[in-house]
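FYI, side chains are in, hydrogens and waters are out, and symmetry mates aren't considered; it's all heavy atoms of this structure. Since the structure is predicted, the reported quantities are computational estimates derived from the model, not experimental observations.
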Amino acid sequence: MATHNYDVLIIGSGAAGLTAALNLADHLKVAVLAKAGLSEGSTAHAQGGIAAVLEPGDTFESHIEDTMVAGAGLNDRKTVEFVVEHAPAAIERLAELGVPFNPTEGEGHDRWHLTREGGHSHRRIVHVDDATGRAVQLALEKAAHAHPNISLITDMVAIDLVTGRHAVRYSGDGRVRGVYALHRETGHVALFTARATILATGGAGRVYQYSTAPRGASGDGIAMAWRAGCRVSNMEFNQFHPTCLYNLEVKNFLITEAMRGEGGILKLPTNGHRFMPDFDPRAELAPRDIVARAIDHEIKRLGLDYVHLDISHKPPEFIEQHFPTIRTKLAGLGIDITKEPIPVVPAMHYTCGGVVIDLDGRTDLPGLYAAGEVTQSGLHGANRLASNSLLECFVFGEAAAKHILANFDDLPPADAIRPWDESRVRDSDEDIVVQHNWREIRRFMWDYVGIVRTTKRLERALHRAALLAQEVEDYYGNYRITTDLIELRNLIVVATLIVKSALRRKESRGLHYTLDYPETKTRAVDTVLMP
């Protein structure tokens with residue numbers, strides 16, 4: 001088994017991981033593990049933008065309040081203040097790296113065009129057309145490639161965190177020493193050790209049948225941290241993006257929230273009725289949970305497959321300027337968005353809960369940090385405010401790096417670690433088991449743990465999850481691992497955490513809506529699960 005040692009190991013190559021790497025690399029040797037290609041995570045798929053107080057008349061307090069309102073009061077105010085106050089500087093650093101934010105005329109902060117999205121009281125979203133994430137990812141990758149202290153290692157699938165129980169001389173201190181990882185092409189397992197490890201693995205969107213998340217969003221970091229001994233929190237809050245393209249051939253294509261911010265209207269396909277004002281005075285600019293539930297309600301009430309999102313009333317040149325990626329994509333599917341509406345449905349989009357961290361990005365385990373969607377930092381509460389997600393990656397990626405640099409001398413070098421042992425397993429001749437269980441998890445999560453929940457559905461889901469967990473562990477113990485098996489093992493852990501968290505919350509708040517407890521309690525309390 002190959003062994004690789006670095007000062008800091010970062011698992012994940014998106015906005016959070018590369019931000020941390022760039023902040024560390026002037027002083028330390030850093031390895032960044034990418035599950036597939038560097039650009040195949042969620043960052044590159046982000047169409048919207050990054051929220052920051054940049055407009056005259058806007059204030060930190062207003063951004064903080066908008067975040068708290070969207071999060072249904074469950075946010076940690078200190079975290080919200082920390083992120084919001086660091087946002088303008090994060091935007092400046094991205095611009096310095098070469099991110100070509102859409103310009104506007106003028107000097108100072110009004111040099112960038114600012115759009116508005118649901119839940120925001122001001123225009124504060126900087127963007128690069130409708131493909132901000134791609135531009136950010138490319139800029140971060142370019143800077144990382146250019147740095148001699150950063151090793152970018154692709155096609156490495158993390159299996160489990162390495163702790164004292166994996167050491168040649170057993171230790172129960174819980175300190176994380178690195179990770180075992182599978183090379184996707186060769187099937188060989190390698191050991192990566194470091195004084196500090198940062199989880200930047202993203203969310204768990206693929207635990208649901210319909211999702212805007214990329215193929216690799218299987219909750220790997222959350223599951224690994226849980227197995228290693230970290231608390232997870234607020235896993236019941238899964239944000240369903242209201243507007244995913246409904247197309248039987250093209251899966252997971254997101255229609256950005258900015259389209260509603262720029263005047264897009266939701267209508268019933270049966271009669272053209274604009275229905276969002278029936279549900280909320282903010283109409284299409286209501287927070288995502290409200291919009292998603294409204295669409296879900298109308299689809300179920302009328303037996304529809306989708307609703308319409310229509311921006312064709314805007315001038316064609318306006319649409320081309322603001323949404324060139326979407327227009328081109330849909331034109332290839334026979335939909336001219338300058339002349340006709342877009343069929344859309346809600347889809348799982350963002351994991352608001354995750355591994356518990358503090359303002360330095362520290363988890364419960366010494367030597368282990370985390371940043372981005374894998375975490376529950378306290379920023380999002382019961383519902384993420386639009387365009388706060390990339391922002392969280394930059395702020396906490398930098399925060400984790402700063403804490404590691406300030407305390408590096410106190411971090412012990414990795415012990416001697418036992419090699420990966422696969423002497424008692426064999427190649428599988430039953431891959432259909434993995435594929436079947438993968439489909440079953442995603443289906444029962446969609447049917448039983450979706451936008452609207454009941455206790456009975458959740459209990460059924462928990463029963464199914466327990467049976468599948470036993471099957472998966474038996475399979476894992478007997479057969480040589482593959483990428484699909486690793487992801488299946490992590491998906492069932494995450495599914496169980498989501499269901500258990502949902503059963504604990506005896507109220508409806510933010511993204512968690514249950515018919516059995518439709519009221520919201522006066523006091524907002526996090527759901528925290530202990531390993």
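Partner Pro242 forms a side-chain contact (heavy atoms from CB on, under 4.5 Å) with one of Val307, Asp296, Val291 and no other, that one being Val291.
Looking only at distances, a side-chain donor or acceptor of Arg509 sits under 3.5 Å from a matching main-chain atom of Lys521. At distances below 3.5 Å, not a single donor-acceptor pair connects side-chain atoms of Thr375 with backbone N or O atoms of Ala371. At least one donor-acceptor pair closer than 3.5 Å links the side chain of Asp66 to the backbone N or O of Ser121. Proximity of a side-chain donor or acceptor of Asp516 to a complementary backbone N or O of Thr455 within less than 3.5 Å is detected. Without hydrogens or angle criteria, Ser387 side chain to Ala51 main chain gives no donor-acceptor distance under 3.5 Å. With Thr79 contributing its side chain and Ser377 its backbone, the two residues share a donor-acceptor pair below 3.5 Å. In this structure, Asn490 contributes its side chain and Ser218 its backbone to no donor-acceptor pair below 3.5 Å. The closest donor-acceptor contact from the side chain of Lys35 to the backbone of Gly12 lies at 3.5 Å or more, if one exists at all.
Under a cutoff of 6.0 Å and an axis angle of 45°, Arg453 and Trp446 do not form a cation-pi pair. The side-chain tip of Arg384 points at the ring of Tyr350 from less than 6.0 angstrom away and within 45° of straight on.
Annotation: Tyr448, atom OH; neighbour count of heavy atoms from other residues, nucleotides and ligands within 6.0 Å does not exceed 12. No more than 12 heavy atoms of other residues, nucleotides or ligands shown are found within 6.0 angstrom of NZ on Lys78. A 6.0 Å sphere centred on NZ of Lys456 holds no more than 12 heavy atoms belonging to other residues, nucleotides or ligands. Crowding of Arg301 atom CZ: a count of heavy atoms from other residues, nucleotides or ligands under 6.0 Å exceeding 12. For Arg480, the CZ atom counts as densely surrounded, since its 6.0 Å shell holds more than 12 non-hydrogen atoms of other residues, nucleotides or ligands. Within 6.0 Å of NE2 on His273 lie more than 12 heavy atoms contributed by other residues, nucleotides or ligands. Within 6.0 Å of atom OH in Tyr306, 12 or fewer heavy atoms from other residues, nucleotides or ligands are found, so the atom counts as exposed in its surroundings. Atom NE2 of His297 has 12 or fewer heavy atoms from other residues, nucleotides or ligands within 6.0 Å.
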